[in-house]
J.: 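I have a structure here, written as structure tokens, and I will follow up with some questions on it.
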Amino acid sequence: MGVFSSMEHYDYGELHLKRDAATGMRAIIAIHDSRLGPALGGCRFIHYDTEAEAITDALRLARGMTYKAAISGIKHGGGKSVIMRPPGQFDRTALFRAFGQFLEDLGGHYITAEDSGTSLEDMEVIRSVTKNVTGVKPEHGGSGDPSPYTALGVRRGIEALVKFTLSRDSLEDLNVAVQGIGHVGYYLCKELHQLGAKLIVADIDPLKAERAQREFGATVVALDAIYSTECEVFAPCALGSALNDQTIPQLKCKIVAGAANNQLAEPRHGDDLFQRGIIYGPDYAINAGGLMNVASEVTGYDEPKTREQVMGIYDIIWEIADRAKNAAQPTNQIADMIAQERLANPR
Ligand code: NAD
């Protein structure tokens, strides 16, 4: 597919490319939408076999960022950048400085953050050239690890759906099956355990599952068994596409609410959950706590304010559930509708 055809396919307006002769940097910045504010999104630094693959990767992910920001009331658009990792030896500092200059040249139209293959140190190098970067050291105004905030938001989304569908005010004795006890999954388990929920966990890394067993009294089950676990809530916190043709028929939960991005293998899987009477907390709405935390760096990090905003994910999820019930439509469709309404009427 040609570049413009790819942009059309992924519904893009802007794609910026830069080659820096001195460092060999080949970088791509994809801006999906900036109606609500400057685009914000991570920078990937990984190996790509082809330029087309790198461009597709940049285009693939930023749309979700646009929707996540819109539904969460964050004044940012969606963007994503990719630096193609050079083969052999290279000067990493010079490369990220060149990338910082690329951001500076865009005049704040895109603000970057950490992603696969980039680190806090890389963000610090970018910061030496431009202010259009987040994920820097706390002493430079950075907001630190976003995972606890993502987990807090997911917990609030679970509370909203438990109240909405089960009319329960508390998570005491609620059974929650958590898939993936990584950065977010661990903090989610901690939050839920503190509120008296009973945890069932699975992780491909046995040490991570065992840690949840040890610290939170979780029951560890086999990877495939997590789908068919009898529980009120299934929380996918591992990879994308956890909800697909094979897994959905196995579910015995009433609610799906977790941190993973792109949980539905295809949008039609949202319909499938709806037909089965399972309410789904749309991924980009329920997992926006981390983005809220990072976005707050742009205006000057304020922890209490960010925390309050993340707590508000309860209301966002409630609104989605309520509108979905009234319209007799799946929650993923309603979430898209709300995000599109906000994008069409930026205030
Ligand atoms: P992570 O890599 O720290 O954790 C993922 C965990 O899932 C790991 O422990 C891994 O071993 C496990 N895992 C992988 N495949 C599995 C499988 N098939 N079954 C069970 N466990 C499996 O990642 P994370 O930062 O915790 O993010 C988790 C998900 O949430 C990702 O989809 C990520 O994109 C999304 N997310 C994360 C944040 C954040 O703040 N970190 C924010 C928004 C969304």
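All ligand and atom numbering here is 1-based and tracks the order in the structure.
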J.: Strictly by modelled atom types, are Y149 and Q309 linked by a side-chain donor-acceptor pair under 3.5 Å?
T.: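 Checked: Y149/Q309 side chains show no N/O donor-acceptor pair below 3.5 Å.
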J.: Assess the side chains of H269 and D245: does a donor N or O sit below 3.5 Å from an acceptor N or O?
T.: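 Per modelled atom types, H269 and D245 side chains form a pair under 3.5 Å.
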J.: Between N262 and Y284, is there a side-chain donor-acceptor contact under 3.5 Å, judged purely by atom types and distance?
T.: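 Looking only at side-chain atoms, N262 and Y284 do not form any donor-acceptor pair under 3.5 Å.
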J.: Distance only, no hydrogens: is a donor on one side chain within 3.5 Å (strictly under) of an acceptor on the other, for Q340 and D336?
T.: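 Q340 vs D336: no donor-acceptor pair found between side chains.
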J.: Please collect all side chain to side chain donor-acceptor pair (under 3.5 Å) contacts where either partner lies in residues 186-201, sequence neighbours excluded, each pair once.
T.: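 Non-adjacent pairs meeting side chain to side chain donor-acceptor pair (under 3.5 Å): R155-E191, Y186-R211, Y186-E215.
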J.: Non-hydrogen atoms closer than 4.0 Å to ligand 1: which protein residues do they belong to? List them by chain and number, please.
T.: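 For ligand 1, the contacting residues are K68, P146, S147, T150, Q179, G180, I181, G182, H183, V184, A202, D203, I204, K208, L223, C237, A238, L239, A259, A260, N261, N287.
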J.: Just by distance, no angles: are the side chains of T118 and D115 close enough, under 3.5 Å, to form a donor-acceptor pair?
T.: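 Their side chains do not contain a donor-acceptor pair, so the 3.5 Å distance test is not met.
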